[in-house]
Amino acid sequence: MKLLTYNTSENSEPRLGFIHNNQVIDMEDFGEISNFPLPSTMLELIDMGFELVEELNDMVAETEASYFDEIAYEMNEVTFLAPIPKPRKNIIGIGLNYTEHVAESARTLDTTGKLPQKPIIFSKPPTTVTATNTEIIKNTQLTEQLDWEVELAVVIGKKGKYVPKADAMDYVFGYTVINDISARDCRREGQWIVSKGQDTFAPMGPILVTKDEIENPHNLNLSLKVNGVEKQNSNTKYLLFNINDLIEDLSIVFTLEPGDIIATGTPSGVGAGRNPQEWLYNGDVIEATVEGIGTIANTVKEI
């Protein structure tokens, strides 16, 4: 399913929906016409287990088109919010997870250039999350070097500890897009959370695509544009540690839980790796795209 969190001009409260025949269907309303109580938030849906998604797919297929007319919104009638507007925990970030990004970081940042032997893990607080078509806040008292990073994000669907690599995909609920905004001049003694963790530094969306819709998450094109000019273009097949690797490693370190979000890393082409280096400024528009999921667009606002 293609799931979203949205609101409308008539109702500012976040609502859970899904896309069907290029329209937005409210999840709770669909439950009412189906006589099957359904949740109103993405986290509630994830908590109910991936089996519910399979049931929903069957229910949608069996519902007459006329029933959808009563509960459908046109796409331009809704505002897309982040799929999980308020994660329960920090987003799990993975650093230096594409070989060419390792090389460009070594040229311009204080990294060694050696390929990591284990995933490099950092985090982004829940307050970093923002939606497509919102502003990324550049606090000029903190940073002059604001940068972009398009990433495939994995959303965990069930609790897992010591998950074997071979079973890792059983723990995936779905996928979304994250732009891992980074203030390159805010790293402190090798620690990244000040660089990565400022408010609005995790644009996410536009939707959450359940895992059954993505045939192979390790063969998805991902790209990023700034003011219409392409800066990044790669494919998830070049991940140094793939999703299976990451889930195995992370679940050894700490328990993964439903709704956890893993940002899997960015390919080469970030501003810090360019010659000369490029940064984001007031009014710049960044579009981050992952194949099969969509594009998120955000505008920089300096304060």
Side-chain angles (χ1 to χ4, degrees), residues 46 82-84 87 89-105 111 115-124 128-129 147-157 160 163 165 167-182 192-193 195-197 201-211 213-224 232-254 256-257 259-270 273 288-296:
I46 294 170
I84 302 177
K89 294 153 62 176
N90 283 18
I91 295 168
I92 304 161
I94 305 298
L96 303 176
N97 203 25
Y98 286 78
T99 303
E100 291 182 357
H101 182 52
V102 173
E104 72 176 359
S105 296
T111 56
L115 293 182
Q117 299 305 299
K118 291 184 177 180
I120 297 172
I121 305 167
F122 63 93
S123 74
K124 298 170 79 80
T128 58
V129 172
D147 206 348
W148 57 82
E149 294 190 3
V150 61
E151 308 199 5
L152 171 69
V154 177
V155 179
I156 296 298
V163 177
K165 190 183 305 185
D167 298 336
M169 287 300 167
D170 294 341
Y171 292 79
V172 173
F173 184 84
Y175 307 95
T176 190
V177 183
I178 277 183
N179 189 351
D180 177 18
I181 298 296
S182 306
W192 294 1
I193 195 163
S195 168
K196 303 280 195 175
F201 274 24
M204 182 195 305
I207 61 175
L208 189 160
V209 178
T210 55
K211 64 181 178 182
E213 298 263 340
I214 303 289
E215 183 177 354
N216 181 7
H218 297 124
N219 188 20
L220 297 176
N221 293 322
L222 65 169
S223 61
L224 183 140
Q232 292 182 280
N233 192 323
S234 189
N235 189 287
T236 56
K237 65 185 177 184
Y238 299 117
L239 282 165
L240 183 58
F241 300 102
N242 68 21
I243 296 165
N244 301 68
D245 298 326
L246 295 176
I247 289 175
E248 180 182 66
D249 183 74
L250 291 168
S251 70
I252 293 170
V253 179
F254 43 72
L256 294 174
E257 296 181 307
D260 283 355
I261 302 164
I262 305 169
T264 58
T266 198
S268 62
V270 300
T289 302
V290 177
E291 179 185 1
I293 302 172
T295 299
I296 52 175

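Keep in mind it's a predicted model, so treat the numbers as computed, not measured.
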When rounded to the nearest 0.5 angstrom, what is the spacing between [atom1] in [X] and [atom2] in [Y]?
| X | Y | atom1 | atom2 | answer |
| --- | --- | --- | --- | --- |
| Ile293 | Ile207 | CD1 | CD1 | 7.5 Å |
| Thr128 | Phe201 | OG1 | CZ | 9.5 Å |
| Ile120 | Trp192 | CD1 | CH2 | 5.0 Å |
| Tyr171 | Ile156 | OH | CD1 | 10.0 Å |
| Ile262 | Ser123 | CD1 | OG | 13.0 Å |
| Asn216 | Glu291 | CG | CD | 10.0 Å |

Decide whether Asn233 and Asn221 meet the rule of one side-chain donor and one side-chain acceptor closer than 3.5 Å.
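Not at all, the side chains of Asn233 and Asn221 share no donor-acceptor pair under 3.5 Å.
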Are Met204 and Ile261 close enough, and set up right, to give a side chain to side chain contact (heavy atoms under 4.5 Å, CB included), and what steps lead you there?
CA-CA 11 Å; Met204 182 195 305; Ile261 302 164; 3.7 Å; yes
Check: Pro203 main-chain N/O paired with Asn179 side-chain donor or acceptor under 3.5 Å:
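Pair absent, no side-chain N/O of Asn179 close to backbone of Pro203.
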Hey, does the side chain of Lys165 reach the backbone of Asn244 with a donor-acceptor pair shorter than 3.5 angstrom?
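Between the backbone of Asn244 and the side chain of Lys165 there is no qualifying donor-acceptor contact (under 3.5 Å).
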Min side-chain heavy-atom separation [X]-[Y] under 4.5 Å:
| X | Y | result |
| --- | --- | --- |
| Thr99 | Tyr238 | no |
| Phe173 | Leu208 | yes |
| Ile247 | Val172 | yes |
| Leu250 | Asp260 | no |
| Pro217 | Thr236 | no |
| Thr295 | Val177 | no |
| Ser195 | Phe122 | no |

Minimum heavy-atom distance between [X] and [Y], given as atom pair plus value:
| X | Y | value |
| --- | --- | --- |
| Lys124 | Ala202 | CE-CB, 3.7 Å |
| Pro83 | Gly205 | CD-CA, 3.6 Å |
| Leu115 | Gln117 | O-NE2, 3.0 Å |
| Pro267 | Ser234 | CB-CB, 3.4 Å |
| Ile214 | Gly292 | CD1-O, 4.1 Å |
| Val163 | Ser251 | N-OG, 2.9 Å |

Verdict with reasoning, Tyr175 to Leu220, per side chain to side chain contact (heavy atoms under 4.5 Å, CB included):
CA-CA 11 Å; Tyr175 307 95; Leu220 297 176; 5.8 Å; no
Please assess Ile243 against Leu152 for the test side chain to side chain contact (heavy atoms under 4.5 Å, CB included), listing each intermediate value before the final yes or no.
CA-CA 10 Å; Ile243 296 165; Leu152 171 69; 4.1 Å; yes
Apply the test side chain to side chain contact (heavy atoms under 4.5 Å, CB included) to residues Leu239 and Leu246: give CA-CA distance (whole Å), side-chain angles for both, the deciding distance (0.1 Å), then the verdict.
CA-CA 10 Å; Leu239 282 165; Leu246 295 176; 5.8 Å; no
Partner of Val150 under side-chain contact (heavy atoms from CB on, under 4.5 Å), chosen from Asp180, Ile296, Ile178, Leu222
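For Val150, the side-chain contact (heavy atoms from CB on, under 4.5 Å) check succeeds only for Leu222.
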